[in-house]
Structures are given as structure tokens and as C-alpha cells.
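A quick write-up on the structure given underneath.
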Amino acid sequence: MEIGKVVGNVWATRKDEKLNGQTFLIVKLLATKDTYKDGFLVAADNAGAGNGDLVLISKGSAARESLENKNTPVDATIVGIVDSLEVCDE
Amino acid sequence: MEIGKVVGNVWATRKDEKLNGQTFLIVKLLATKDTYKDGFLVAADNAGAGNGDLVLISKGSAARESLENKNTPVDATIVGIVDSLEVCDE
Amino acid sequence: MEIGKVVGNVWATRKDEKLNGQTFLIVKLLATKDTYKDGFLVAADNAGAGNGDLVLISKGSAARESLENKNTPVDATIVGIVDSLEVCDE
Amino acid sequence: MEIGKVVGNVWATRKDEKLNGQTFLIVKLLATKDTYKDGFLVAADNAGAGNGDLVLISKGSAARESLENKNTPVDATIVGIVDSLEVCDE
Amino acid sequence: MEIGKVVGNVWATRKDEKLNGQTFLIVKLLATKDTYKDGFLVAADNAGAGNGDLVLISKGSAARESLENKNTPVDATIVGIVDSLEVCDE
């Protein structure tokens, strides 16, 4: 998994109907404890995250395992809110 | 998922017959709200997208969950048209 | 999916027997309409492609959906020959 | 798979309940025998690893094959502790 | 798939028991016919490869299709030994 920070939202009215009711958040991934990778990704939110939260993200087929409907066409899901993070030896 | 902008089309007459009837669009992925990643990808269109649209793309096995025939050999699908995008803290 | 140009062949006599009878082509992926990404990949050919052809490639589990035996240990398959490609706004 | 060194921990109280009881470790991946790739990833620990251990990591759907509940939304798992590593020809 | 050269071995005594009896080799991936990508990966060997061999590697869920037990938590497998490689147009 990767750790990221929620930095925004995406809205889409015309979409696969299996995505209805799903919140999509924009997340910047951590490169180190204090820096971010370039770019961002969009993740379905299964943990009630909000802007500024540090979150744990699962990608690929694992992302669907966290959703009620496992046929949802989603490839990244927020599966937890990070309380704390301890990184030695960077 | 990732957000991208539709910038073109691909045509292929000789192809896996499970791809018949499927539109393939060329998409440049967003790196930030205003810039693009290098390169492009080809995505099956399941949302009626057109040139210039910002779209939401699912990759990997999730891409097939959005298609009628889940045995279609497709690894990226446009699953929504983005209405708006809000990114703080870049 | 990605678009690539067939630039070569690989031969392997000692291999997983599920790969017998399968042609493997070396493909350079397009970065833009006129340039290539660094490196290359090897794809199973399911479209009768030859050297110099522009091809459409599916990767990951989608690659197996295009093969007769879906248990073939292949992670990239040529699923079509590109006739033409239109890219605006690069 | 990739080889990495355990460099930290992540704690998350609010999370997908299928993740309860699972330890998540922060791992830096090896680039060569003596150097590391940029960034880090979070892996579920299925091998009893601790800080400083060199570990073997499986990613993607393989990560779930190592867990008791194969519906756990995890995309990277520590599947072994590396005893030794021999790399020639770098 | 990708082509790589076997450059070493990994030993792990404490590991997922589904990995018992499996040989793990360290492989550097080809970037061009004569150069290598940075870094290396660890692949299960299903082709009897040895140090210095050029090998064909399948990654992702395809890697498990080549193993006897398809629940082995492995994400990269050597599926063939490359006899020869012909690359034009680099």
C-alpha cells in the first residue's frame, strides 16, 4: 500500500452507474515522511477521509476488496486513516 | 484512478474480435491540475467521451468491470466524465 | 492499453509448456505520436503482427483474456494492429 | 518480488475492518545490493519482520495469497525474511 | 513480459510456507539489447535458469499461472530461457 494526503475532490455526473454514491478523493502520495511524489491519483473513499488527512491506499484488484460491490470499476481505494507514522533510517 | 484529457483516437481493423464495437481513445494523464504527464495511454470508452473532455480512468482488472463483456482484453477504461476538480495544497 | 511498434523477436526453447506455439514479439512503446519510450517489452502476438507494425497492447490480467488458454503465463498481448492514430493537442 | 528493508510502522485506527489485527510495516526497496530506491511502501507483515530486517515482498494480487483472508484489501505483503543475498555482475 | 539476466540468488528460511521448495533468482531487466534498467527484481524460477542466463519473465497474476500451486504468493516468474533475441530499429 501507499500513504498519501487527501488534497481534493473530483465530481463526475456522467459515469459508470456502479460508481454512483461513491466519493472520489484526490490524493498526493508520500515519497518520504515529509515529501510528496509528483502527480496525484484518484481513490474511492472507504474510510470517511477528508482534506488534509493522511490515508492508507490499496491499489489494483485489492482496491475492490474494500468496496461493498466487488464489481465496481475502481483501482485505488482509501482503506484507512493514518494515525501516526514512524520512519527510521531515511 | 487517474484523471486524463482525451486527445485523440485509434483505429484498428485487425484485432481481437472481443474488441469489436469498442471505441478506443487516446488520453494524456494529468500530473497536476494544470499539467500533464509525459506520454499517453489508450482507453476503452464507456462514458461517451470526446476530444478535450477530462475523464476518470480505471486501469488493470478494474477496467474490465466497467465493460459489458468482462472477458474483453482491455486494461484501461474511461469510467466517467469529470465535471469539476478541486485540488488544494499543491 | 498502449501503442507500440514491433521491433524484433525472442526465441526460447526451454519454457513453460503453456507457452508452446505462441509467438513473442519485442515492442517499443510510443511516448508521443512520433517518439518512443525507453526500453521495450515482450508481448504475445494474437493479431498476426510483423516487424514495423504499430500495435495495440493490453497488459496485466487483460493480456490473458485474449489468448485461447487463459492460464497461459503471459502479461502482455498484442490485441490489434493499428491502422491509424490521430492525436491532437500534444 | 522485490527486496526491501523494514524502516518503520504505520498505525491506523479507522480502517477497513478486514485489516484489523494486521501489522503494517514501512519498507524501502533495494535498488542494488547496497542502495535504495526513492520512496517507500507499506506492506502487510506475514513473516514476523522487524525494523532493519531485509524482507521479500510480493505485490499485486499475489499479496493477498499470503493472507488468511484472501479478501483483505492489501496490495503488498512481506512473504519472507531474507537470510542472504548474492548479486554478481552489477 | 520482460527479458532479464540472472545475476544472483536470495535465501529466506522464514517465509510463507507456500514458498517452500521454490528457487528465487535475482534478475536485472534489459533496457535495450545491450543495456540494463536500474535496479533488479526477484523472480521464482520455473525454467531451471542459472547465473548469466537471459530469461523471459512474466509479472503480476500471470506469474502464478506458471506455478504448480496457483495460490503461491509470487508476482514474478521466469517462464523461459531466451535462446536468441533479434532487435531491429533501436
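Each chain gets a letter, A, B and so on, in the order its sequence line appears, and its residues count up from 1.
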To the nearest 0.5 Å, what is the distance between CG (E:Leu85) and CD1 (C:Ile26)? 4.0 Å

Okay, C:Arg14 and chain E: the region with an atom under 4.5 Å from a heavy atom over there is both

Pick one of side chain, backbone, both or neither for E:Leu54, based on which atoms fall under 4.5 Å of a heavy atom in chain C. neither

Under 3.5 Å: donor-acceptor pair, side chain of C:Asp75, backbone of E:Lys59: yes

Scanning both residues in full, the closest heavy-atom pair of E:Ala62 with C:Val74 reads CB-O, 3.4 Å

Verify whether one side chain among E:Glu65 and C:Asn71 offers a donor that lies under 3.5 Å from an acceptor in the other. yes

Heavy-atom distance under 4.5 Å to chain E: side chain of C:Leu41, backbone, both or neither? both

Please report the interatomic distance CG(C:Asp16) to CD1(E:Ile78), rounded to the nearest 0.5 Å. 12.5 Å

For C:Ala76 and E:Met1, which heavy atoms make the closest approach, and how far apart are they? CB-N, 3.7 Å

Ranking E:Ala49, E:Gly80, E:Ser61 by heavy-atom pairs under 4.5 Å to chain C gives rank one to E:Ser61

Pick one of side chain, backbone, both or neither for E:Ile81, based on which atoms fall under 4.5 Å of a heavy atom in chain C. both

Heavy-atom donor-acceptor pair, E:Ser66 side chain to C:Pro73 backbone, under 3.5 Å: no

Using a cut-off of under 4.5 Å on heavy-atom pairs, state which of C:Lys15, C:Lys70, C:Arg64, C:Glu17 scores highest against chain E. C:Arg64

Would the number of heavy atoms belonging to other residues, nucleotides or ligands and lying under 6.0 Å from CG of E:Asp38 be above 12? no

Could you pull out the closest heavy-atom pair between E:Lys33 and C:Phe40, with the gap in Å? N-CE2, 3.7 Å

